[in-house]
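A quick write-up on the structure given underneath.
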Amino acid sequence: MIFPVSGRKVPILGKFTEKKMHRYRTHTCGELRKEHVDQTVKVSGWINSVRDHGGVIFIDLRDHYGLTQVVIDPSRPFYKGIEHWRVETTICFTGNVVARVPETVNPKLATGDIEIVADEMEILGESNVIPFLVAKDEECNETLRLQYRFLDLRRQSLHSNLILRSNVIARMRELMVANGFMEMQTPILTSSSPEGARDYLVPSRVHPGHFYALPQAPQQFKQLLMTSGFDRYFQIAPCFRDEDARADRSPGEFYQLDMEMAFATQDDVFEVNEDVLHKLFTEFSDKKVDDLPFVRVPFLEAMDKYGTDKPDLRNPLILQDCSEIFRDCGFKAFAGVVASGGVVKTIAAKGCADRSRKFFDDMIVFAQSVGAKGLGYLRWIDGEVQSPIAKFLSEDEIARLKELGQVGDGDVMFFIADKARTATEIGAAVRNELGVRLELIADDVFRFCWIVDFPMYELDDEGKVEFSHNPFSMPQGGMDDLLNKDPLDILAYQYDIVCNGVELSSGAVRNHSPELMVKAFEIAGYDKSVVEAKFPALYRAFQYGAPPHAGIAPGVDRIVMLLANEPNIREVIAFPMNQKAQDLLMGAPGQVEHKQLRELHLEIKLPKKVEQEMGEQA
RNA sequence: GGGGGUGUAGCUCAAUUGGUUAGAGCACCAGCCUGUCACGCUGGGGGUUGCGAGUUCGAGUCUCGUCACUCUCGCCA
């Protein structure tokens with residue numbers, strides 16, 4: 001579309017240049033300028049707006065490329081030819097391009113120097129009264145938008161988001177090819193993967209009782225391509241996962257810039273991705289992008305300082321541990337937590353001591369809403385420490401806190417006391433909330449970081465050792481670590497790339513050794529037969545000379561979402577599903593004919609509740 | 001499955017402490033208007049306040065249930 005969107009560079013539009021007299025158009029609605037004056041032209045598009053002066057009628061005609069004003073004089077035969085000049089009707093005009101007199105030039109339009117005086121008119125497709133305004137990007141009921149997605153997509157905001165998406169993907173391909181990658185396709189109908197999210201299943205007609213699964217990612221295929229000697233693979237890969245929606249997670253399907261590199265180290269993967277991401281974010285946004293190389297933060301440090309493995313580095317606040325200072329203090333609530341093995345985390349926030357009582361009360365309410373028992377704080381005002389808990393603390397304890405937080409007059413320290421894991425989670429949430437409420441988060445920058453050195457294993461709820469990420473990752477110390485280290489201390493060559501607190505992707509150096517694979521699974525409680533049964537292709541392929549390889553798969557939708565400055569991923573997807581994974585336009589998922597079920601050897605057994613409801617309807 | 005928010009005209013929203021016939025802008029319909037560009041002016045139609053109960057003399061407003069949308073926890077190798 002023609003309109004610049006603030007905070008984003010104007011997308012580059014494709015060129016349409018048809019100059020011969022054509023059935024529908026000689027020019028687009030974004031194309032005509034002063035140099036076209038006196039030419040006879042034909043344009044087609046949608047009626048964006050109508051200004052009927054009783055005599056002369058002005059119509060703004062809109063297409064993909066822009067807006068052009070068409071003038072209809074009362075003397076024209078078609079002046080009264082149609083009953084309504086209804087917006088969103090598609091229509092074709094033939095006429096002369098004339099220069100507008102200086103007073104009537106419209107500087108807001110690229111075509112504002114000229115207008116077309118219509119000689120002929122043809123209605124191409126009449127529009128009913130539209131359910132919401134297309135010409136105006138105002139908030140609108142989400143259900144309605146999804147039901148009339150074809151109209152929603154005509155609107156400036158969505159339309160330009162999808163142009164941006166197309167341009168970003170085109171550039172991705174260029175950059176990947178320039179980095180020596182080749183694009184390949186992998187199957188959509190494949191086998192169910194044993195771990196990960198829930199699969200979408202497709203029943204087989206030929207093999208009763210057997211199912212295909214849609215790939216959650218082309219993970220195993222790309223590793224197989226590495227063993228097949230393709231050196232650098234990429235794909236704009238559709239991924240299907242049956243998981244519940246979030247603002248940054250569309251249900252059902254999404255796209256990854258999937259890539260894998262043979263004979264590659266972690267640093268090789270970082271180098272390629274830094275090149276691609278830095279160029280994409282620099283070229284498609286006006287925001288400042290971190291210089292290369294991006295910061296690398298070990299997982300444990302990230303958890304320690306930010307309480308999360310996807311920190312928003314725009315937020316300058318950090319968590320600090322101050323358990324020892326409170327261990328023997330007079331504030332029994334905190335001392336008690338430390339005595340029972342918990343921790344006290346603090347966040348030092350500068351310059352907010354003069355905030356209102358309501359600010360601090362609201363922060364406590366927020367902390368409680370994310371599971372905190374409370375939120376302590378100390379305020380330094382006019383050389384005094386003010387706080388409900390100050391009277392329980394000695395001067396020495398307060399001095400040590402002041403030293404830890406590097407705070408002084410006008411500053412505040414917040415405290416969260418809980419079991420380590422809970423305090424970390426709450427700390428992360430409080431850190432974010434403080435960042436927002438204190439307006440510490442710059443909105444004109446993209447801050448990237450790599451999170452590295454993820455643990456290979458973690459304990460599940462029942463205290464059993466399990467893979468903490470994917471089982472294909474290479475343990476950092478190889479067989480030596482697997483044999484000799486406490487599993488929970490083993491690190492993996494596993495990494496995430498994070499931008500402004502959004503996890504763009506996980507990746508890893510893969511475990512390409514059958515022996516290491518068997519041992520790694522053994523530690524997680526699976527014997528060799530499980531590896532053979534669950535990953536037959538990879539396990540077999542790795543017996544025949546597998547190259548060391550590594551990869552990653554940044555989320556395309558999330559990248560575009562960040563570039564488009566959209567808070568919701570639906571705004572960068574042409575036909576998204578709603579939160580309940582329904583396509584309201586196409587009516588998916590839907591019921592199918594009995595014949596289809598019979599062919600697939602399927603019978604439907606509904607949950608009791610659904611069965612009752614359907615009975616009531618019938 | 002759990003928690004929060006929202007639900008009033010086709011759309012976006014308003015409606016004081018529970019109190020008259022639920023209003024406005026846009027859209028729609030009719031009329032007027034020859035230089036507007038979100039044209040303007042006059043008039044009109046359009047509402048089971050998501051749905052169902054309850055409290056009350058009286059409910060858009062309070063309570064409970066339910067449905068829808070959304071954010072979120074769980075889930076997401």
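Lettering of chains follows the sequences in order, A, B, ..., and the numbering in each one begins at 1.
Residue A:Gln220 is classed as having no contact, given no heavy-atom separation below 4.0 Å to the nucleic acid. At the heavy-atom level, A:Ile130 lies nowhere under 4.0 Å from the strands shown. A:Thr143 comes within 4.0 angstrom of sugar-phosphate atoms only, judged by non-hydrogen atoms across all strands, and of no base.
Looking at A:Met259 and A:Pro554, their side chains come closer than 4.5 Å, going by heavy atoms from C-beta outward.
Judged by ring centres under 5.5 Å apart and planes tilted less than 30 degrees, A:Phe132 fails to stack against the six-membered base ring of B:C11. Stacking is not found between A:His53 and the pyrimidine-like six-membered ring of the B:C33 base under the 5.5 Å centre-distance and 30° plane-angle cut-offs.
Base pairing of B:U66: its partner is B:G50, meeting the Watson-Crick or G-U wobble criterion (both donor-acceptor distances under 3.5 Å).
Atom CZ in A:Arg62 sits roughly 14 Å away from atom C1' in B:A38 (whole-Å rounding). Atom CG in A:Leu144 sits roughly 13 Å away from atom C1' in B:A68 (whole-Å rounding).
In this structure, the nucleotide among B:G10, B:A27, B:C11 sitting nearest to the side chain of A:Pro131 is B:G10. The side chain of A:Lys108 has B:A38 as its nearest neighbour among B:C11, B:A38, B:C39. Counting only heavy atoms from C-beta on, A:Gln69 has its side chain closest to B:U36 among B:A38, B:U36, B:C29. In this structure, of B:C39, B:C11, B:C37, it is B:C39 that holds the atom nearest to the side chain of A:Ser49.
In this structure, a donor-acceptor pair under 3.5 Å is absent between the side chains of A:Arg558 and A:Gln256. There is a side-chain donor-acceptor pair under 3.5 Å between A:Thr186 and A:Gln235.
When the side-chain nitrogen and oxygen atoms of A:Arg86 are compared with OP1 and OP2 of B:C29, one or more of them lie within a distance under 4.0 Å. In this model, the phosphate group of B:C39 is approached by a side-chain N or O of A:Arg51 to a distance below 4.0 Å at OP1 or OP2.
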Reading 5' to 3' through nucleotides 70-77 of chain B, protein heavy-atom contacts under 4.0 Å coded B for base, S for sugar-phosphate only, - for none: BBBBBBBB

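Between A:Glu571 and A:Arg145 there is a salt bridge, since at least one side-chain N of the basic residue sits less than 4.0 Å from a carboxylate O of the acidic one. A:Lys345 and A:Asp418 are not joined by a salt bridge, as no carboxylate oxygen comes within less than 4.0 angstrom of a charged side-chain nitrogen.
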Assess whether side-chain contact (heavy atoms from CB on, under 4.5 Å) is satisfied between A:Val87 and A:Asn48, documenting all intermediate values. CA-CA 6 Å; A:Val87 290; A:Asn48 194 64; over 6 Å; no

Run the side-chain contact (heavy atoms from CB on, under 4.5 Å) check on A:Val502 and A:Leu562 step by step: do they pass? CA-CA 9 Å; A:Val502 175; A:Leu562 284 169; 4.0 Å; yes

